[in-house]
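Heads up: the structure comes next, in structure tokens.
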Amino acid sequence: MDFTRSIVVGYDDTTASAAAVRWAAHLARSSGTGLRIVHAWSWPLLSSGMAGLPVMDSAGPRNQATRLLEDAAATVSLLVPEITVQTDLITGTARDVLDGLSQTAELVVVGTRGLGPVMGALLGSVSRGILHDAGCPVAVIRSEHHVGGPVLVAYDGSEAAGEAVDVAADLASTWGSRLRIVHVRADGHAPYDQVAEAWSGGSRSRGLLDEAAERARTAHDGLPVETRMLEGLSAADGLLTAAAGARILVMGHRGVSRGAFGSTAHATVLHATGNIAVVRRPSAE
């Protein structure tokens, strides 16, 4: 994943989107790239013109939206003066705008709530929209804390999980962080009858973890990589527990299931208290 190509962040003057902008700005500095801040803008309601005829008055709302972007860019320039900031006011709904931009960006960053009245609650419309259909990884930012924590990535052997390992390894390398790879053995199996059977199940998990660790180390020589096997939890619960204190949790948009957006990914995005990145590449499907 080449962060030097394009990082896009959605902004609407909410606290959540401001945090997303700051997070994206720091990533842009670490990766040596610029930042594109976008605001999705829709035409306002009709107003009354001459002779009482309805007319479209867009100047006021459009100017206000432009000022929002200018203020965001000014804040970033003060916070991270090393990076180049581009702002774009784009007509359309937030979901459609970000969805379209994701087809050429390397990363789309959003906050947890807001992004304008057309977007509504992030974990409603966006989780069913851009997280399903984006053409690049989407980072959902909830916190600017735990910058010293590891980059956590979930791996289950699927193609999407492999891509998540690639993205997580790139992030860890960019930040100079540890990479921690986890595999959750959910409690869906019956009790093991023999020690050998239990060992076999654990061996499969260790094999997956070794596979993912080798993939990350091959991409980034010298990257500190840790592996963890989690047991006795559902996949989502296991990931949520493991993510405590992590800088970000990275996961594929689906696991070994065939669904367009996996149940584990959906549940994790809904209930995560920290930052999470969902890797989605529909062009490969």
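The structure displayed is predicted, hence computed values, not measured ones.
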What distance separates [X] [atom1] from [Y] [atom2], expressed to the nearest 0.5 Å?
| X | Y | atom1 | atom2 | answer |
| --- | --- | --- | --- | --- |
| Asn275 | His146 | CG | NE2 | 9.0 Å |
| His39 | Leu69 | NE2 | CG | 6.5 Å |
| Leu27 | Thr33 | CG | OG1 | 9.0 Å |
| Leu230 | His183 | CG | NE2 | 9.0 Å |
| Leu171 | Ser31 | CG | OG | 9.0 Å |
| Ser102 | Asp99 | OG | CG | 5.0 Å |

Side-chain heavy atoms of [X] within contact of [Y], under 4.5 Å:
| X | Y | value |
| --- | --- | --- |
| Ile141 | Val110 | no |
| Met251 | Thr268 | yes |
| Tyr11 | Val38 | no |

Sequence-distant partners of Ser6, side-chain contact (heavy atoms from CB on, under 4.5 Å), two or more places apart: Val8, Ala105
Residues forming a side-chain contact (heavy atoms from CB on, under 4.5 Å) with Val97, sequence neighbours excluded: Ala40, Ile90, Leu101
Work out which heavy atom in [X] is nearest to a heavy atom in [Y]; give both atom names and the distance.
| X | Y | result |
| --- | --- | --- |
| Pro137 | Val167 | CG-CG2, 4.0 Å |
| Val9 | Ala24 | CB-CB, 4.1 Å |
| Ala65 | Leu89 | CB-CD1, 3.6 Å |
| Gly245 | Pro150 | O-CD, 4.0 Å |
| Val140 | Gly111 | CG1-O, 4.3 Å |
| Ala236 | Ala267 | CB-CB, 3.9 Å |

Arg247/Leu152 under side-chain contact (heavy atoms from CB on, under 4.5 Å): CA gap, chis, key distance, verdict: CA-CA 8 Å; Arg247 189 162 186 170; Leu152 188 74; over 6 Å; no
Taking distance alone, no hydrogens or angles, what donor-acceptor pairs closer than 3.5 Å link side-chain atoms of residues 208-219 to residues at least two apart or in another chain?
unit_1, atom_1, unit_2, atom_2, d
Glu211, OE2, Tyr155, OH, 2.1
Glu214, OE2, Thr218, OG1, 3.3
Arg215, NE, Gly162, O, 3.4
Arg215, NE, Asp166, OD1, 2.8
Arg215, NH2, Gly162, O, 3.4
Arg215, NH2, Asp166, OD2, 2.8
Arg217, NH2, Val225, O, 3.3
Thr218, OG1, Glu214, O, 2.7

Between Ser234 and Asp237: side-chain donor-acceptor atoms closer than 3.5 Å: yes
Selection residues 145-154 - residue pairs positive for salt bridge (Lys or Arg N to Asp or Glu O under 4.0 Å), sequence neighbours left out: none
Full working for side-chain contact (heavy atoms from CB on, under 4.5 Å) between Val182 and Val153: CA-CA 6 Å; Val182 298; Val153 61; over 6 Å; no
Only pairs under 3.5 Å count here: list side-chain donor-acceptor contacts from residues 71-87, not counting sequence neighbours, and write none if there are none.
unit_1, atom_1, unit_2, atom_2, d
Thr75, OG1, Asp71, O, 3.0
Ser77, OG, Ala73, O, 3.0
Gln86, NE2, Asp88, OD2, 2.8

side-chain hydrogen bond (donor to acceptor under 3.5 Å, both in side chains) partners for Arg5, two or more places apart: Glu106
ILVMFWY cluster, Leu240 and Val184 together (side-chain gap under 4.5 Å): no
Stepwise side-chain hydrogen bond (donor to acceptor under 3.5 Å, both in side chains) test for Thr93 and Asp96: CA-CA 5 Å; Thr93 67; Asp96 288 344; 3.2 Å; yes
Residues in salt bridge (charged side-chain N to carboxylate O under 4.0 Å, His left out) contact with Arg22, at least two apart in sequence or another chain: Glu144
Thr241 side-chain N/O to Gly238 backbone N/O, donor-acceptor pair under 3.5 Å: no
Mind listing the side-chain donor-acceptor pairs of residues 173-180 below 3.5 Å, one per line with the distance, residues two or more places apart or on another chain?
unit_1, atom_1, unit_2, atom_2, d
Ser173, OG, His220, ND1, 3.3
Thr174, OG1, Asp170, O, 2.8
Arg178, NH1, Glu226, OE2, 3.2
Arg180, NE, Glu226, OE1, 2.8
Arg180, NH2, Glu226, OE1, 3.0

